[in-house]
Amino acid sequence: MNKDIATPGRTREILEKYGFSFKKSLGQNFLIDTNILRKIVDVAELSDDTGAIEIGPGIGALTEQLARRAKKVVAFEIDKRLLPILEDALSPYRNVRIIHQDVLKADIHRVIAEEFVDVADIMVVANLPYYVTTPIIMKLLTDNLPIRGIVVMLQKEVADRISAQPGTKDYGSLSIAIQYYTEAEKIMTVPRTVFMPQPNVDSAVIRLMKRKQPPVDVDDESFFFQVVRASFAQRRKTILNNLISNLPNGKAMKEKIERILTEKGIDPRRRGETLTMEEFAALSNALREAMH
Ligand code: SAM
């Protein structure tokens, strides 16, 4: 087996060889701990029939581990300076394809159709650039891609919000958006010392397994998410006051909104963070009927 890229010594050697300087603005914190990398890959449950999509391969620390376990790895990297480094560091692996592109602008459906013709399933596995974790995850989920799930490293604080349950301080519109599409599980927290350079926040690994069906019946998804966002707009306000202030026509509909909340068994004085996803679904279905 080839020498791992993700040791401190080998990483330093590669960076020095190419005179590479980290760009903070691109969230460049590379992993230098092979145990953490193996754990990430284990949790993704790859088989030699799996296609893996990586976002931001850096110098290939995770890419290499994925290449050893998956059938094929397709990785999107925005930083042109990393392309020759990746080509060199990953030269022993024939099953890796690097695409030089901002993943947020990529047509991932097309890439999947072209690159993964004969795979059994597809997993996204990445150590995400922290400045764009939420937009990347939301794109992967709302684009309706044929993926089994996502295993990613991100800021611990965002991982806590994603996996939060009703009634906790971390629960909010992000928890609901992601748990609507996936079963979300925080796998482990990760110390700063496993990165080069060390980020100034703590990190965590989460696993998001895509649901076959949403967990609740929603008549209009975009209105459901509008109601959820409105309900959390000001966390200290009651659900009634948030809906009045933040839904279009909310003020004119005050009595109606109050009546619907009561009809659905939701005390108008409760705060958004106490409502379950089922309650938000029932509420948004009833509001939609009354408002449209
Ligand atoms: N996977 C490597 C590792 O674990 O060592 C590097 C991870 S580093 C946290 C994030 C990587 O994402 C960097 O290589 C950075 O250049 C790349 N990146 C940042 N923004 C990106 C974007 N919008 N699309 C694709 N790659 C991006």
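Being a predicted model, the structure only gives us computed values, none of them experimental. Atoms within a ligand are numbered from 1 in the order they appear, just like the ligands themselves.
At a heavy-atom distance under 4.0 Å, only side-chain atoms of Y131, from C-beta outward, approach ligand 1. Contacts with ligand 1 closer than 4.0 Å are made by no heavy atom of I59, backbone or side chain. Within the 4.0 Å heavy-atom criterion, the part of P57 lying near ligand 1 is the backbone and not the side chain.
Scanning the protein heavy atoms around atom 4 (O) of ligand 1, the nearest turns out to be N127 ND2, 2.8 Å. If you check which protein heavy atom lies closest to atom 26 (N) of ligand 1, you get I78 N, 3.4 Å. Distance from atom 8 (S) of ligand 1 to its nearest protein heavy atom, with residue and atom name: G27 O, 3.4 Å. When only non-hydrogen protein atoms are considered, atom 24 (N) of ligand 1 lies nearest to V103 N, 3.0 Å.
With respect to R68 and D4, a salt bridge is recorded, a charged nitrogen being found less than 4.0 Å from a carboxylate O. Residues R288 and D220 are paired through a salt bridge, judged by an N-O separation under 4.0 Å between the basic side chain and the carboxylate. A salt bridge is defined here as a Lys NZ or Arg NE, NH1 or NH2 lying under 4.0 Å from an Asp or Glu carboxylate O, and D42 with R38 fails to meet this definition. A salt bridge links K72 with E115: the closest approach of a Lys/Arg side-chain nitrogen to an acidic carboxylate oxygen falls below 4.0 angstrom. A salt bridge does not link R69 to D48: none of the charged nitrogens lies less than 4.0 Å from a carboxylate oxygen.
For a threshold of 3.5 Å applied to N or O pairs, the pair formed by L31 and ligand 1 contains at least one separation below that value. At a 3.5 angstrom cut-off on N or O pairs, V132 does not count as close to ligand 1.
With 3.5 Å as the limit, one finds no donor-acceptor pair spanning the side chains of N29 and Y130.
Heavy-atom contacts from other residues, nucleotides or ligands closer than 6.0 Å to CD of E87 number 12 or fewer. The local environment of CD in E289 is sparse, with at most 12 non-hydrogen atoms from other residues, nucleotides or ligands closer than 6.0 Å.
Of the options P129, G56, A61, P135, the smallest heavy-atom separation from atom 1 (N) of ligand 1 is shown by G56. The nearest non-hydrogen atom to atom 14 (O) of ligand 1, considering only E77, Q28, K105, comes from E77.
Of all atoms in ligand 1, listed by their number and element, those nearer than 4.0 Å to a heavy atom of N29 are 7 (C), 8 (S), 9 (C).
No heavy atom of F195 sits closer than 4.0 Å to any atom of ligand 1. Under the 4.0 angstrom criterion for non-hydrogen atoms, D102 is in contact with ligand 1. For I136, the heavy-atom gap to ligand 1 stays at 4.0 angstrom or more. Heavy atoms of Q101 come nearer than 4.0 angstrom to ligand 1 in at least one pair. Taking a 4.0 Å cut-off on heavy atoms, L26 registers as neighbouring ligand 1.
Between the side chain of K17 and the backbone N or O of I85 there is no donor-acceptor pair closer than 3.5 Å.
Aromatic ring orientation, F225 versus Y181: parallel (interplanar angle below 30°, classes split at 30° and 60°).
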